[in-house]
Amino acid sequence: MSYGRKITLKSSDGETFEVDEAVGSESQTIKHMIEDDCADNAIPLPNVTSKMLSKVIEYCKKHVETPKPDDNDELKAWDADFVKVDQATLFDIILAANYLNINSLLDLTCQTVADMIKDKTPEEIRKTFHIKNDFTPEAEEEVRKENQWAFE
């Protein structure tokens, strides 16, 4: 499905992607560049690798091509499947979505991380995200006392 004018996006590793302007405009960063007439040549995206840019483009295409009613179960299912990736990829998508200012993708990916944390103990969270506990037992006990409400 084509939506008119094409724009070229250039990833940090030099790969170029030609996309419909409507797809690129899902990103507020790219949309502003288009509005400011900075899209005549390839738009450089120095903070986004080609691997992440292709994932972001896949997301944006789906969201441009699919009707937007709030109760769109097909799109919700597609989104849920889209974020079923390894942690490193998920965090890279978050960084790309943030840099490109794609709020719906940022919300989706951050909610996925929040769901990974929800109802877990600090120890379980450390294990999930491979975080080393740098507290001494005494310091950890002090934090637990000061923030008792958080452990109830």
Side-chain angles (χ1 to χ4, degrees), residues 1-135 143 147 149-151:
M1 192 178 283
S2 184
Y3 292 93
R5 188 175 132 185
K6 298 276 191 186
I7 57 169
T8 304
L9 308 175
K10 187 174 184 179
S11 66
S12 61
D13 46 351
E15 195 170 330
T16 57
F17 297 81
E18 190 174 86
V19 298
D20 289 321
E21 185 175 321
V23 171
S25 292
E26 287 286 293
S27 158
Q28 292 300 306
T29 302
I30 294 170
K31 183 178 180 181
H32 292 292
M33 292 180 87
I34 293 167
E35 289 169 354
D36 294 341
D37 290 326
C38 297
D40 294 335
N41 299 315
I43 297 174
L45 302 171
N47 293 2
V48 185
T49 65
S50 56
K51 181 182 174 191
M52 287 308 107
L53 188 53
S54 66
K55 289 287 288 177
V56 169
I57 290 169
E58 176 188 359
Y59 173 88
C60 291
K61 275 186 184 173
K62 183 67 174 179
H63 280 254
V64 166
E65 293 170 356
T66 306
K68 292 267 192 294
D70 289 336
D71 60 345
N72 189 330
D73 291 336
E74 176 199 338
L75 190 59
K76 286 179 184 174
W78 187 91
D79 281 353
D81 205 43
F82 180 80
V83 292
K84 287 181 182 169
V85 294
D86 61 85
Q87 272 186 29
T89 301
L90 181 62
F91 292 133
D92 285 343
I93 295 171
I94 289 172
L95 292 173
N98 185 52
Y99 174 72
L100 294 169
N101 196 359
I102 306 171
N103 290 329
S104 61
L105 180 55
L106 189 59
D107 290 347
L108 173 67
T109 51
C110 288
Q111 184 62 56
T112 301
V113 173
D115 291 343
M116 293 166 78
I117 293 171
K118 187 176 181 183
D119 298 326
K120 289 200 168 144
T121 66
E123 293 76 23
E124 291 169 327
I125 294 168
R126 283 189 197 106
K127 186 175 181 183
T128 299
F129 296 106
H130 312 288
I131 300 169
K132 181 180 172 276
N133 183 359
D134 57 356
F135 283 109
V143 169
N147 300 286
W149 59 270
F151 297 96

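Note that the numbering runs from 1 along the sequence shown for the chain.
The backbone N or O of Val143 sits less than 3.5 Å from a side-chain atom of Asn147, completing a donor-acceptor pair.
Considering only heavy atoms from C-beta on, Gln28 stays 4.5 Å or farther from Ile102 through its side chain. Proximity of Lys10 to Ile43: side-chain heavy atoms (C-beta onward) are nowhere separated by under 4.5 Å. Residues Asp79 and Val83 are not in side-chain contact: their nearest non-hydrogen atoms beyond the backbone lie 4.5 Å or more apart. Side-chain contact check for Leu90 versus Met116: some heavy-atom pair is nearer than 4.5 Å.
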Practice task
Dump the intermediate steps for side chain to side chain contact (heavy atoms under 4.5 Å, CB included) on Glu124 and Ile117, then the final yes or no.
Solution key: CA-CA 8 Å; Glu124 291 169 327; Ile117 293 171; over 6 Å; no
Check against side chain to side chain contact (heavy atoms under 4.5 Å, CB included), Ile57 and Leu53: CA-CA 6 Å; Ile57 290 169; Leu53 188 53; 3.9 Å; yes
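The two atoms that bring Pro46 and Ser12 nearest to each other are O-CB, 3.2 Å, heavy atoms only. Closest non-hydrogen pair, Phe17 versus Ser50, comes out as CZ-O, 3.6 Å. Shown here for Thr49 and Ser11, the closest heavy-atom pair between the two residues is C-CB, 3.7 Å. Residues Glu26 and Cys60 come closest through the heavy atom pair CB-SG, 3.5 Å. Listed here is the closest heavy atom pair of Ile7 and Gly24: CD1-CA, 4.0 Å. Heavy atoms only, all atoms of each residue included: Tyr99 and Thr29 are closest at O-OG1, 3.0 Å.
Side-chain atoms of Asp86 and Thr89 form a donor-acceptor pair, as typed in the model, at a separation below 3.5 Å. Between the side chains of Asp107 and Gln111, not a single donor N or O lies within less than 3.5 Å of an accepting N or O. No side-chain donor from either of Asn101 and His32 sits under 3.5 Å from a side-chain acceptor of the other.
Taking OG1 of Thr112 as the reference point, atom CD of Gln87 lies at 11.5 Å (rounded to 0.5 Å). Of the inter-residue distances, the one linking Leu95 atom CG with Leu106 atom CG reads 9.5 Å to the nearest 0.5 angstrom. One distance of note links NZ of Lys55 with CZ of Phe82; it measures 4.5 Å at 0.5 Å rounding. In this structure, the separation between NE2 on His130 and CD1 on Ile125 is 13.5 Å, given to the nearest 0.5 Å. Between atom CG of residue Leu108 and atom NE2 of residue His63 there is a gap of 7.0 Å, rounded to the nearest 0.5 Å. Going from atom CD of Glu35 over to atom CD1 of Ile30 covers 12.5 Å, rounded to the nearest 0.5 Å.
By the neighbour-count criterion of 12 heavy atoms within 6.0 Å, atom NZ of Lys120 is densely surrounded, having more than that number from other residues, nucleotides or ligands. Around the CG atom of Asn41, the shell of radius 6.0 Å holds no more than 12 heavy atoms that belong to other residues, nucleotides or ligands.
A salt bridge links Lys62 with Glu74; the closest basic N to acidic carboxylate O contact falls under 4.0 Å. Between Asp20 and Lys6, at least one side-chain nitrogen of the basic residue sits less than 4.0 Å from a carboxylate oxygen of the acidic one, meeting the salt-bridge criterion.
Relative orientation of the Phe129 and Phe91 rings is tilted, given thresholds of 30° and 60° on the angle between their planes.
Put simply, the residue from Leu9, Val64, Val56 that forms a side chain to side chain contact (heavy atoms under 4.5 Å, CB included) with Val23 is Val64.
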